[in-house]
2 protein chains.
Amino acid sequence: MLTKPEELFEEFLRRQGFNVTETRRKIVRKVFSLHGHFDATELWDALRDDKVSIATIYRTLELLERAGFVRRVSFGEAHAHYEHVLGRDDHGHLVCRRCGRVIEFESKRIKTLLQEIADRNEFVLQEAIVQGFGLCRDCREGR
Amino acid sequence: MLTKPEELFEEFLRRQGFNVTETRRKIVRKVFSLHGHFDATELWDALRDDKVSIATIYRTLELLERAGFVRRVSFGEAHAHYEHVLGRDDHGHLVCRRCGRVIEFESKRIKTLLQEIADRNEFVLQEAIVQGFGLCRDCREGR
DNA sequence: GTACGTGCAAAGGGTTTGCAGCCGC
DNA sequence: GCGGCTGCAAACCCTTTGCACGTAC
């Protein structure tokens with residue numbers, strides 16, 4: 001039985017007619033060893049010993065996104081952030097504008113509401129982004 | 001009584017110690033004459049007769065954002081999109097991944113839920129982003 | 001062996017910045 | 001007149017692309 005992310009990804013690659021390569025394996029393994037959120041450069045840094053090029057990072061992230069293993073999230077900054085998805089569906093983010101801290105919360109009820117709205121609009125909902133921006137406890141006290 | 005967006009913005013500028021300039025007035029007027037969403041370049045195009053530089057567009061958008069007249073929204077693309085906020089609070093977006101169409105919906109109930117979550121986390125909620133990605137009616141039929 | 005994948009470096013596109021001149025106050 | 005504002009062009013940063021070489025199958 002396939003359980004590890006890298007095995008699931010290989011499964012995806014083969015099914016889609018892509019080659020399974022050592023580089024892709026390394027990237028997936030690293031993605032799923034990272035807790036929380038990351039951007040392309042952070043992932044690249046984490047893989048610097050493996051001498052993977054930043055171009056390949058981007059190319060592989062796109063594959064991982066298409067495969068549904070990773071999703072792109074935006075925290076109001078100019079560049080993209082990612083998070084892995086496996087086994088952690090239905091959560092939203094509270095993003096602190098002062099310190100950048102990201103608090104995750106369970107969002108099943110919100111997603112249900114959103115699904116109803118989508119249905120009413122005859123919209124096929126594939127993914128939901130729920131984010132609150134403001135100040136975390138520590139930062140509101142510092143003000 | 002102050003009612004027009006540009007007058008409210010002037011009020012804001014004065015209060016904050018910024019100068020009120022003709023360029024800033026032109027930009028605000030244009031922002032609020034645009035329906036729906038726009039990015040910096042689109043706003044720049046709309047102002048091409050006024051020979052405003054793209055740098056000033058960005059600088060003024062930042063002011064408008066700080067003033068709460070405009071907010072940055074992300075539709076999964078690399079660059080930022082904006083929408084004006086006055087008199088149209090509490091709405092979310094359904095973004096079609098195929099054709100890019102954006103459907104707005106009223107999101108008061110979702111925002112209430114989010115506020116409860118923020119309270120529980122001792123988080124000061126300033127702004128909420130609720131977005132669904134997927135396929136609009138037209139595009140799901142085309143598939 | 002062929003087609004796809006990778007690294008490298010260069011190009012691309014959106015956004016920001018330094019600076020000289022201009023304009024609001 | 002002084003300090004903030006603007007346009008211009010260059011710089012920046014993240015991301016994508018072209019190409020020659022390497023690797024999976």
Side-chain angles (χ1 to χ4, degrees), chain A residues 6-7 9-31 37-67 70-82 100, chain B residues 6-7 9-31 37-67 70-82 100:
Chain A
E6 57 187 285
E7 290 169 349
F9 186 52
E10 286 176 31
E11 178 68 11
F12 164 85
L13 289 174
R14 271 188 271 268
R15 191 155 34 204
Q16 300 283 318
F18 294 109
N19 287 352
V20 174
T21 68
E22 190 50 33
T23 306
R24 283 176 178 160
R25 249 194 293 254
K26 278 180 192 160
I27 295 175
V28 189
R29 236 178 284 144
K30 191 60 79 177
V31 162
H37 312 95
F38 59 92
D39 60 30
T41 306
E42 285 164 359
L43 180 56
W44 188 42
D45 283 348
L47 284 162
R48 72 179 109 41
D49 294 339
D50 299 295
K51 297 210 206 71
V52 178
S53 82
I54 187 72
T56 300
I57 298 279
Y58 279 107
R59 289 187 275 233
T60 307
L61 278 174
E62 203 203 315
L63 282 176
L64 282 166
E65 211 188 337
R66 279 211 259 162
V70 139
R71 69 171 189 169
R72 211 187 285 239
V73 289
S74 167
F75 296 140
E77 287 158 44
H79 64 288
H81 279 79
Y82 297 84
Chain B
E6 59 186 283
E7 290 169 349
F9 187 50
E10 286 177 30
E11 178 68 10
F12 164 84
L13 289 175
R14 271 187 272 269
R15 193 156 28 205
Q16 300 284 316
F18 294 110
N19 288 354
V20 176
T21 68
E22 190 50 34
T23 307
R24 282 175 179 161
R25 247 193 295 256
K26 278 179 193 161
I27 294 176
V28 189
R29 236 178 282 142
K30 190 60 80 178
V31 162
H37 311 97
F38 60 91
D39 59 31
T41 307
E42 284 163 0
L43 180 56
W44 188 43
D45 284 347
L47 284 162
R48 69 178 111 40
D49 295 340
D50 299 293
K51 298 210 206 71
V52 178
S53 83
I54 187 74
T56 299
I57 298 279
Y58 279 106
R59 289 187 275 232
T60 307
L61 279 174
E62 204 203 314
L63 283 176
L64 283 165
E65 210 188 338
R66 277 211 261 164
V70 138
R71 68 171 189 169
R72 211 187 284 239
V73 288
S74 167
F75 295 140
E77 287 158 44
H79 64 290
H81 280 77
Y82 297 83

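Every chain is numbered from 1 and lettered A, B, ... according to where its sequence line falls, protein lines coming before strand lines. Computed from a prediction, not measured in an experiment: that's the story for all the values here.
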Let me have the donor-acceptor pairs involving side chains of residues 53-63 of chain B, under 3.5 Å, with sequence neighbours excluded, atom names and distances please.
{"unit_1": "B:Ser53", "atom_1": "OG", "unit_2": "B:Ala55", "atom_2": "N", "d": "3.4"}
{"unit_1": "B:Ser53", "atom_1": "OG", "unit_2": "B:Thr56", "atom_2": "N", "d": "3.2"}
{"unit_1": "B:Ser53", "atom_1": "OG", "unit_2": "B:Thr56", "atom_2": "OG1", "d": "3.3"}
{"unit_1": "B:Thr60", "atom_1": "OG1", "unit_2": "B:Thr56", "atom_2": "O", "d": "2.8"}

Aromatic plane relationship, B:His79 with B:His81 - under 30° parallel, 30 to 60° tilted, over 60° perpendicular: tilted

Residue A:His79, side-chain atoms from C-beta onward, closest of C:dG7, D:dC14, C:dC4: D:dC14

Interatomic distance where CD1 belongs to A:Ile57 and C1' belongs to C:dG5 [whole Å]: 14 Å

Whether A:Asp50 side chain and A:Val52 backbone form a donor-acceptor pair below 3.5 Å: no

A:Ile27 CD1 - C:dG5 P separation (whole Å): 12 Å

From C:dT15, D:dC5, D:dA9, nucleotide with atom closest to B:Phe18 side chain: D:dC5

Protein-nucleotide distance (B:Arg24, atom CZ; C:dC23, atom P), rounded to Å: 15 Å

Gap between atoms OH and P, on B:Tyr58 and D:dG7 respectively (whole Å): 15 Å

Whole-Å distance separating the CZ atom of A:Arg48 from the P atom of C:dC8: 16 Å

Pairing residues for A:Arg72 by the salt bridge (Lys or Arg N to Asp or Glu O under 4.0 Å) criterion, not counting sequence neighbours: A:Glu65

Short side-chain to backbone donor-acceptor contact, A:Arg15 and A:Phe12, under 3.5 Å: no

Phosphate-side-chain proximity, A:Thr21 and C:dT6, N/O vs OP1/OP2 below 4.0 Å: yes

Nearest-nucleotide pick for A:Thr56, side chain only, options being C:dG7, D:dG7, C:dT15: C:dG7

Of the listed nucleotides D:dC14, D:dC5, C:dT15, the one nearest the side chain of B:Asn19: D:dC5

Touch class at under 4.0 angstrom, heavy-atom based, for A:Arg59 against every strand present: base

5' precedence on DNA chain C between B:Ala40 and B:Val20 (nearest-nucleotide basis): B:Ala40

Terminal axes of the helix from C:dG1-D:dC25 to C:dC25-D:dG1 (five pairs each): angle between them, nearest 10 degrees: 30°

Residue mapping more 5' on DNA chain C - nearest nucleotide basis, A:Ala55 or B:Glu22: A:Ala55

Interatomic distance, A:Ile54 CD1 vs D:dG18 C1' [rounded to whole Å]: 18 Å

B:Glu42 CD - C:dG13 P separation (whole Å): 16 Å

Lys/Arg N to Asp/Glu carboxylate O, A:Glu22 vs A:Arg29, below 4.0 Å: yes

Nucleotide C:dG5, atom P - distance to CD of A:Gln16 in whole Å: 12 Å

Polar side-chain atom of B:Asn19 near backbone of B:Thr21 as donor-acceptor pair, under 3.5 Å: no

